[in-house]
Number of protein chains: 2
Amino acid sequence: MEKNLKRMATMHRMQTTGLALFYKNGFYKTSIDDILKELDLSKGAFYYHFKSKEDFFISILENLVVRKVYSMLIEPIEGHDNPLDLISKCIEDALQTAEHNQNDYGFLLNNFLNEFNGRNPEIMKYLNDTLKIWEVNLVSSLKKGKFNGYVDRHVDCEGVASYIISSFLGVRTLMVEGSATALRYRYMQQLRFYFRAIAHKQVA
Amino acid sequence: MEKNLKRMATMHRMQTTGLALFYKNGFYKTSIDDILKELDLSKGAFYYHFKSKEDFFISILENLVVRKVYSMLIEPIEGHDNPLDLISKCIEDALQTAEHNQNDYGFLLNNFLNEFNGRNPEIMKYLNDTLKIWEVNLVSSLKKGKFNGYVDRHVDCEGVASYIISSFLGVRTLMVEGSATALRYRYMQQLRFYFRAIAHKQVA
DNA sequence: TAAAATACCGACTACTTGGTTTGTTGTTTT
DNA sequence: AAAACAACAAACCAAGTAGTCGGTATTTTA
């Protein structure tokens, strides 16, 4: 088993710097040599561990991206509190992280979703699956919120989930340009406003 | 002046098929030869009219994309009616067009915004300017709506505009994958719900 | 300790791409 | 009629790029 440790360590090194460069420059604009130069490794090492550039990228999705999405977007909304509060808090955290840390995984999804759209069905499948996981968890969280009296009975949970995801992906696209902080502030204000509208109406 | 006609015709031919291919396969994954093959033209013709691939793309942005954004997203919301109705109608039309016509320009913006982000400042400037034009028009439309009693006095027009743009860009990213029609339906429902919340409150 | 598997090196191939250059043809201009 | 020019054609170049392959050092195993 010890021999596998070295293998895993090298593969992991390749994956993390690979992801960083793919995120920064795009998949097609990042050559394998670029990654290897950063790691002081050779072509031989790369093709010993991965069978192709595409295979390499999929392994990154499976190992790094999916897990990050879980820890940043899914786990924080689990619990029995008001889901609308949990979700808005979670999204605000994600946006705030994105502001300070360029190598942010929420936007990564958005980035790659656009890059591979209609060009690489295999990779698109993984990206869509990851999005779907987020969506499913949002929906179930909202439904639980309905049951617990936090969310109005009449709202369409699937619709709300899609709307949340849409606006999040969109605002992440916008945030990279300029005034990320101001944008986040305005975005969160509108999101919370929207959430108040779908919250359970208290009889005055 | 007649000789200029031929020049313009050829350039326009190059630009339209260039845009179609850039949209379909991405800027970096589309070679100039790809475009020329489709047009039965040669490298010489291309570099006679344009000084580089980047210059070519910018000319496409200036001539085709910006105008399309105007006609699809800006002109439809001009007028003295309820801006919330105009905007939701306009966005629904844009999404519906996108469903049937793959080569849609609303998403194009989103697509390119992602592809050039942090990689090509010159092109990013043009894309951001185009977005800004849309935003400015949305804001002024909303403010007029406030003045005319369609929009609640307390809403932050800049915030609403950003939120609209965000959700639109996001939903266009999502729509390319699968069930575009269902997604559009759910999205429009939530957008209209959100709009009702920011509309002028009638005293019952 | 010899054999065998693991992990890696780096030169090489086959191919693509943006861009250059030189040449050709038809049309204006002088 | 000659020079000039617009609008292309096509061969060419240098710089990449994904992937291959024979070889090698280092562990593991028998």
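So that the names make sense, note that chain A is the first sequence line, chain B the second, and so on, each numbered from 1.
Residues satisfying the ring pair (Phe, Tyr, Trp, His ring centres under 6.0 Å) test with A:Y28, not counting sequence neighbours, are A:F116. In this structure, B:D55 has no salt bridge (charged side-chain N to carboxylate O under 4.0 Å, His left out) partners at least two apart in sequence or on a different chain.
Counting only residues at least two apart or in different chains, salt bridge (charged side-chain N to carboxylate O under 4.0 Å, His left out) contacts with residues 129-139 of chain B comprise A:R186-B:E135, B:K125-B:D129, B:K132-B:E135. Counting only residues at least two apart or on different chains, the ring pair (Phe, Tyr, Trp, His ring centres under 6.0 Å) pairs with a member in residues 33-54 of chain B are B:F46-B:F50, B:F46-B:F56, B:F50-B:F56.
Note on B:E92 versus B:R192: salt bridge recorded, some NZ/NE/NH1/NH2 to OD/OE distance being below 4.0 Å.
Set against C:dC8, D:dA9, D:dA7, the side chain of B:Y48 has D:dA7 as its closest nucleotide.
A 6.0 Å sphere centred on NZ of A:K146 holds more than 12 heavy atoms belonging to other residues, nucleotides or ligands.
The interatomic distance linking B:D55 (CG) with C:dG19 (C1') rounds to 13 Å, in whole Å.
Of the residues in residues 114-124 of chain A, not one places a heavy atom less than 4.0 Å from an atom of DNA chain C.
Taking 4.5 Å as the limit, every side-chain heavy atom of B:Q15 sits out of range of all side-chain heavy atoms of B:L19.
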Under 3.5 Å, which protein N or O atoms sit close to an N or O of nucleotides 12-17 of chain C? Give each pair with its distance.
none

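The side chain of A:H49 places an N or O atom within less than 4.0 Å of a non-bridging phosphate oxygen (OP1 or OP2) of C:dC8. For the pair A:S52 and D:dA18, the criterion of a side-chain N or O lying under 4.0 Å from OP1 or OP2 is not met.
Note on ring orientation: taking the six-membered ring where Trp is involved, the planes of B:Y194 and A:Y163 are tilted (angle from 30° to 60°).
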